[in-house]
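These notes are about the structure you will find just below.
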Amino acid sequence: MKNLVVLGGGESGVGAAILGLKKGYKVFVSDKNRIKEKYKKVLSNLALEWEERQHSEDLIFQGDLVVKSPGIPDTVLLVEQLVEKGIEVISEIEFASRFTEAKMICITGSNGKTTTALLLYHILKNGGLNVGLAGNVGKSLALQVAEDNFDCYVLELSSFQLDGMFRFKADITILMNITLDHLDRYENEMQKYIDSKFRISQNQSSKDYFIYCLDDENIT
């Protein structure tokens, strides 16, 4: 049995823990802050091992795979140590995508991505499609992959989520715009933030679609 370590006990972390349990992992959830009561209840009901207000490195370094909350920067010492040890660190979106064949419609941008995702989801659902909504809105993708059986998903993705996505491939991507934002996470370098946003199109092929704003100079 492989060990799955989940860093962060929020919506995405608990969703990843549930999916990991369903897929046969031994799961350990660790959050350096307090975990909300509703998530504690879920973890306890599933008899999962978890901790809050600390990171027990002796347990974390036993992980075969680590799913990291998007709120935790890659520059945190614990994450750097995991990478140095050769332990794969990925996002909840990346983890969930490895267990579904559903089509992925992905939206990112500095502004307007939530509105666009909600509108697109509304249109597709009312059009009769078996569609889920995840990412920065709705239930976590991992939880929906574990519990539902949607044919496609509309995903609102932040740059922080995209940074932890590697094998993930979107069928349709929408890049709204790129404006000055979150530069503290990217060493105050705009190009690094731009590169993060463009990760939404990684692994796409000629059969996929990339929709973007032609008028945005940071995109074109």
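Not measured: the values here are computed from a predicted model.
Both the sub-6.0 Å distance and the 45° axial angle are not jointly satisfied by Arg185 relative to the ring of Tyr193. For the pair Lys85 and Phe61, the cation-pi test (distance below 6.0 Å, angle within 45°) is passed.
Closest approach of Ile18 to Ala146, counting heavy atoms only: CG2-CB, 4.1 Å. The two residues Gly8 and Ser69 come nearest to each other via the heavy atoms CA-CB, 4.2 Å.
Crowding of Glu217 atom CD: a count of heavy atoms from other residues, nucleotides or ligands under 6.0 Å not exceeding 12. The 12-atom threshold is not exceeded at NE2 of His122, counting heavy atoms of other residues, nucleotides or ligands nearer than 6.0 Å. Within a 6.0 Å sphere centred on CD of Gln54, other residues, nucleotides and ligands contribute more than 12 heavy atoms. Around the OH atom of Tyr209, the shell of radius 6.0 Å holds no more than 12 heavy atoms that belong to other residues, nucleotides or ligands.
Using a cut-off of 4.0 Å between Lys/Arg side-chain N and Asp/Glu carboxylate O, Arg98 and Glu88 are scored as salt-bridged. The pair Lys41-Glu37 does not count as a salt bridge, with every side-chain nitrogen at least 4.0 angstrom from each carboxylate oxygen. Ionic pairing of Lys40 and Glu52 is present here: one or more N-O contacts between side-chain nitrogen and carboxylate oxygen are shorter than 4.0 angstrom. Contact check on Lys68 versus Asp74 returns a salt bridge, with a Lys/Arg side-chain nitrogen under 4.0 Å from an Asp/Glu carboxylate oxygen. Between Lys103 and Asp151 there is no salt bridge, since none of the side-chain N atoms of the basic residue sits less than 4.0 Å from a carboxylate O of the acidic one.
Atom CZ of Phe168 and atom CG of Leu141 lie 7.5 Å apart (nearest 0.5 Å). Note: Phe198 CZ to Gln191 CD = 9.0 Å, rounded to the nearest 0.5 Å. Atoms CZ and CG, on Phe150 and Leu124 in that order, are 12.5 Å from each other to the nearest 0.5 Å. Between the OG atom in Ser110 and the CG atom in Leu180 there is a gap of 8.5 Å [rounded to 0.5 Å].
Residues Ser91 and Gln161 bring no donor and acceptor atom of their side chains to less than 3.5 Å of each other. Using modelled atom types and a 3.5 Å distance limit, the side chains of Asp58 and Gln62 yield no donor-acceptor pair. In this structure, a donor-acceptor pair under 3.5 Å is present between the side chains of Thr108 and Lys197.
The residue from Asp181, Thr116, Thr179 that alone fulfils the side-chain hydrogen bond (donor to acceptor under 3.5 Å, both in side chains) condition with Asn111 is Thr179.
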Inset, instruction - Test side-chain hydrogen bond (donor to acceptor under 3.5 Å, both in side chains) on Thr75 and Glu80 and set out the steps. - result: CA-CA 6 Å; Thr75 54; Glu80 291 180 339; 5.7 Å; no
request  = Verify side-chain hydrogen bond (donor to acceptor under 3.5 Å, both in side chains) between Thr220 and Tyr212, making sure each step is shown before the conclusion.
outcome  = CA-CA 9 Å; Thr220 60; Tyr212 60 93; over 6 Å; no
Could you go through Ile90 and Val66, starting from their C-alpha distance and side-chain angles, then the distance that decides it, and tell me whether this counts as side-chain contact (heavy atoms from CB on, under 4.5 Å)? CA-CA 6 Å; Ile90 62 175; Val66 174; over 6 Å; no
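Using a 30° and 60° split on the angle between ring planes, Tyr25 and Phe99 fall in the perpendicular class, above 60°.
Between Met104 and Lys169 there is no side-chain heavy-atom pair separated by less than 4.5 Å.
Using a distance-only test at 3.5 Å, with no hydrogens or angles considered, no donor-acceptor pair links the side chain of Thr173 to the main chain of Cys106.
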